[in-house]
S.K.: 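The structure's right below; bear with me while I get my questions together.
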2 protein chains.
Amino acid sequence: MTEPRLTAIVARVSTMREVAALAGVSGKTVSRVINDDRYVSAEVRERVQRAIAELAYVPNMLSQTFRTGRDNAIGVAVPDLADPFFGAVVQAVTERARERSVAVLITSLGSRPQDEQPAAESLLRRHIAGLIVAPTSDDHRYLQPWRAGTAFVFIDRPPRHLAADAVVQDDAGGARAAVEHLLANGHRRIAFIGWDLTLTTIQHRRDGYRAALRSAGVPPDHRLERVLDPAVGPSAALAALSEVADPPTAIFSADSQTSIALVPELHARRNRGLALVSFGDFPMAAALRPSVSVVDQDPAALGDAAAERLFTRVDHPTRRLRRQIVMPVRLQVRQSSARPRVR
Amino acid sequence: MTEPRLTAIVARVSTMREVAALAGVSGKTVSRVINDDRYVSAEVRERVQRAIAELAYVPNMLSQTFRTGRDNAIGVAVPDLADPFFGAVVQAVTERARERSVAVLITSLGSRPQDEQPAAESLLRRHIAGLIVAPTSDDHRYLQPWRAGTAFVFIDRPPRHLAADAVVQDDAGGARAAVEHLLANGHRRIAFIGWDLTLTTIQHRRDGYRAALRSAGVPPDHRLERVLDPAVGPSAALAALSEVADPPTAIFSADSQTSIALVPELHARRNRGLALVSFGDFPMAAALRPSVSVVDQDPAALGDAAAERLFTRVDHPTRRLRRQIVMPVRLQVRQSSARPRVR
DNA sequence: CGGGGTTCTGTCACCGGTGTCAGGAACGGC
DNA sequence: GCCGTTCCTGACACCGGTGACAGAACCCCG
């Protein structure tokens, strides 16, 4: 055994047994030093630490987690990481995880519901401690076998056929506030444009839209409710709206995806006085002319809340907590929701 | 042993030995069925598969990876996931990884260089097969011990003091093309605004900016080169530029972060004919009035290239390949780079 | 009918840590 | 001097799969 050289250049990761051999102790004693066990003499501890430094030893987390049966990691599954909303959610989750030295496994689910289960199981088979999921499917029973070992927190949309935590937004309330704001500015003919009515979030926003109209005594008009066909984009929907007798003076856009598609189209048509409020902020909304009024969702706060709840479940599996957390949304009034032009 | 019921409700994940017991075979035979080993009789295979379905067995990846010593996962480390550029990169990487059934571990590095090493090591100690990193630090020697077991691909910025693959953009060429375009449109006084000149990417863009001016015989003017102070934002820089004798008629913004801050400010000042080209596309750039001309980086292509290179290194550790991959960038001409107004 | 090859299945060790337990040394109190 | 307690260290099994190897059954061919 050569004399320890602290400056050694190490070209390979070493194992605990190599450290033990170099320090002249058993593997278990090295383990004790790593884990700050109090029952190690100062002299031995010193020797082991020198050996660790000498070999640039880093514990193999694979075997640690294997031994305990639980990976010190959480999973995050969202439809699309390139979507700034989910990007911000994931960013917040990774920050909370790092504070706890927990690794984050990530997967994108895409938009096809049938892809959710295999993607989620690819994370679960690693026996992660918890999973944060923004679901795309309508049936989460497949998660049942994993509940004993893994905590689940749903975000954006609640679980179906499974009892689990959910952090959602006040979809109906936010939509209602947006439409009430348009009503207060004198709009009576207000259109609803959404992207995918099979999503419960969009349904709730439509419910809020309708409730606001009802409360104001404005008669509903199904011709003003439009679903966007992703193949053709928003131009067809706008054309159809303009052909309605007594056409709308304002649009409530039910999600930022729709708004992002809608805005260039409105600009291209020179936007004949059509007001707009978007559910969901989006980049540059404030810099556009007119700047776009939005219902702001604060994705970072949502990510924080989801991570906090997940870690609470991991730390206290038996604690009783309300399953549903509703994040408030905030109406951010800008220029695009001004009064209708007098004709 | 009860008769197999395929409809069993399973409340717990089961192990291979439980499957083996139910099927009346050895654990190794179950392993063979899982891994599609050809030496299993049809009759046994059938029995084992029924037992797997009955118990809803999913292999424990923790032990698989532990046995082989290499985690079937790759790591991705980027400064900020909420940045749409990195979001799109990560989205592309996760798609490529999913095609290969490889898990993706993610971490955000933040902007402080000293945070990079601990964040990277938290991934590496899991013995991942590869790491894609957009570095924030200037010294990557700490990765040396891991090279034997882990492939490294740097993105956006090349490694320092370490020989490893890098997928970068044509920063100088893109900047040069942008500035040449402004020159062709008659601009002679062109400002450079960047966010952080310690980053090599920004340095290269400035080099391209200077080279374009030099080739055109336009005398350089250091007063037109500005670094943005993130604390005060772009207003101070714009004010300083407008006070220069013979002020600029165009701005070359060296990164999308800067552009995103700059655009609202230009709008607020009613943008007195100041042209703009941004290095890096950003959301809504096409929808703004005037729409913003950009040097488009295609982050998805960058993520694809990085993932492809990583998997090539993992599959063929000895193959000789060029270390540096330069992704082309594309000048996307829109309205904001038009000719200067005649005064 | 014997030898060689292929097919199928099981036994056992092993990956690299950690939990359990045992045992020796040192120390204090009566 | 004896017993009980605390301190320190090591031996050993174990987590759940898989690689190496052995052995049995069967087939084909000379």
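Protein chains get the first letters and strands the later ones, always in sequence-line order, with residue 1 at the start of each. Note that the structure is a prediction, hence the values are computed from the model and not measured.
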S.K.: So, for A:Arg309 and A:Arg322, which heavy atoms are closest and what is the spacing to 0.1 Å?
M.R.: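 Heavy atoms only, the tightest pair is NH1-O, 2.9 Å.
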S.K.: Quick check on A:Glu308: does its CD atom have over 12 non-hydrogen neighbours (other residues, nucleotides or ligands) under 6.0 Å away?
M.R.: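 Count not over threshold, so no.
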S.K.: Report yes if a side-chain nitrogen or oxygen of A:Arg38 is closer than 4.0 Å to either non-bridging phosphate oxygen (OP1 or OP2) of D:dC7; otherwise report no.
M.R.: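 Yes, A:Arg38 has a side-chain N/O under 4.0 Å of OP1/OP2 on D:dC7.
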S.K.: In whole angstroms, how far is the C1' atom of D:dG17 from the CZ atom of A:Arg125?
M.R.: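 Rounded to whole Å, this separation is 14 Å.
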S.K.: How long is the line joining CZ of B:Arg126 and P of C:dC15, in whole Å?
M.R.: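 Those two atoms, CZ and P, are 22 Å apart.
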S.K.: For A:Gln64 and C:dT18, is the shortest distance between a side-chain N/O and OP1 or OP2 below 4.0 Å?
M.R.: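 Checking A:Gln64 against C:dT18: at least one side-chain N or O falls below 4.0 Å of OP1 or OP2.
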S.K.: Please confirm whether the shortest side-chain N or O distance from B:Ser63 to OP1 or OP2 of D:dG17 is below 4.0 Å.
M.R.: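 No, because none of the side-chain N or O atoms of B:Ser63 sits under 4.0 Å from OP1 or OP2 of D:dG17.
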S.K.: Of the options D:dG10, C:dG16, C:dT18, whose atoms approach the side-chain atoms of A:Thr29 most closely?
M.R.: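 Of the options given, the side chain of A:Thr29 lies nearest D:dG10.
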S.K.: Out of C:dC8, D:dT18, D:dG10, which has the shortest distance to the side chain of B:Ser41?
M.R.: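 Given the options C:dC8, D:dT18, D:dG10, the side chain of B:Ser41 is closest to C:dC8.
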S.K.: Using a cut-off of strictly less than 4.0 Å, decide whether A:Ser31 has a side-chain nitrogen or oxygen near OP1 or OP2 of C:dG17.
M.R.: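 The answer is no; no side-chain N or O of A:Ser31 sits under 4.0 Å from OP1 or OP2.
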S.K.: Students often get this wrong, so: under 4.0 angstrom with heavy atoms, is B:Val30 touching a base, only sugar-phosphate, or nothing?
M.R.: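 Since no nucleic acid heavy atom lies under 4.0 Å of B:Val30, the category is nothing.
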S.K.: Assess A:Arg147 against A:Phe152: is NZ or CZ under 6.0 Å from the centre of the six-membered ring, and within 45 degrees of the ring's axis?
M.R.: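 A:Arg147 over A:Phe152 ring: no.
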S.K.: Is B:His140 reaching over with its side chain to a backbone N or O of B:Leu162, donor-acceptor style, under 3.5 angstrom?
M.R.: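 Side chain of B:His140 to backbone of B:Leu162: no pair is present.
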S.K.: Rounded to whole Å, please give me the gap between CZ in A:Arg70 and P in D:dG16.
M.R.: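 After rounding, the reported distance stands at 12 Å.
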S.K.: Between C1' on D:dG19 and CG on B:Asp37, what's the gap in Å once rounded to a whole number?
M.R.: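 Answer to the nearest Å: 12 Å.
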S.K.: Considering only D:dT18, C:dG16, D:dG10, which nucleotide approaches the side chain of A:Asn60 most closely?
M.R.: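 Nucleotide nearest to A:Asn60's side chain: C:dG16.
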S.K.: Report the nucleotide, chosen from C:dT9, C:dG16, D:dG17, that has the shortest atom-to-atom distance to any side-chain atom of B:Phe66.
M.R.: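 Looking only at side-chain atoms, B:Phe66 lies closest to C:dG16.
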S.K.: Using atom CD of A:Glu43 as one end and atom P of C:dA25 as the other, report the distance to the nearest whole Å.
M.R.: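 One finds 17 Å between P of C:dA25 and CD of A:Glu43, rounded.
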S.K.: Hey, could you give me the CZ/CZ distance between B:Arg313 and B:Arg319, rounded to the nearest 0.5 Å?
M.R.: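 Between B:Arg313 CZ and B:Arg319 CZ, I get 9.5 Å after rounding to 0.5 Å.
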S.K.: Reckon B:Tyr39 has a side-chain N or O less than 4.0 Å from the OP1 or OP2 of D:dC26?
M.R.: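 No, outside the criterion.
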S.K.: Distance criterion of 3.5 Å, no angle test: do you see the side chain of A:Arg67 paired donor-to-acceptor with the base of C:dG16?
M.R.: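 Absent.
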S.K.: Side chains of B:Tyr142 and B:Glu116: any donor to acceptor distance under 3.5 Å?
M.R.: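 Checked: B:Glu116/B:Tyr142 side chains pair up, N/O donor to acceptor below 3.5 Å.
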S.K.: Students often get this wrong, so: under 4.0 angstrom with heavy atoms, is B:Val25 touching a base, only sugar-phosphate, or nothing?
M.R.: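 Sugar-phosphate contact only - B:Val25 comes under 4.0 Å of backbone atoms but never of a base.
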S.K.: Round to a whole Å and report the spacing from CD of A:Glu18 to P of C:dC15.
M.R.: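 So the CD-P distance, A:Glu18 to C:dC15, works out to 11 Å.
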S.K.: Do A:Lys28 and C:dG17 share a donor-acceptor pair, side chain to base, under 3.5 Å?
M.R.: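 Answer is no: no donor-acceptor pair is held.
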S.K.: A:Met16 has an atom CE; how far is it from atom C1' of C:dT18, in whole Å?
M.R.: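 Whole-Å distance recorded here is 8 Å.
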S.K.: Nearest whole angstrom, please: distance from the P of C:dT18 to the CD1 of A:Ile34.
M.R.: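 Those two atoms, CD1 and P, are 7 Å apart.
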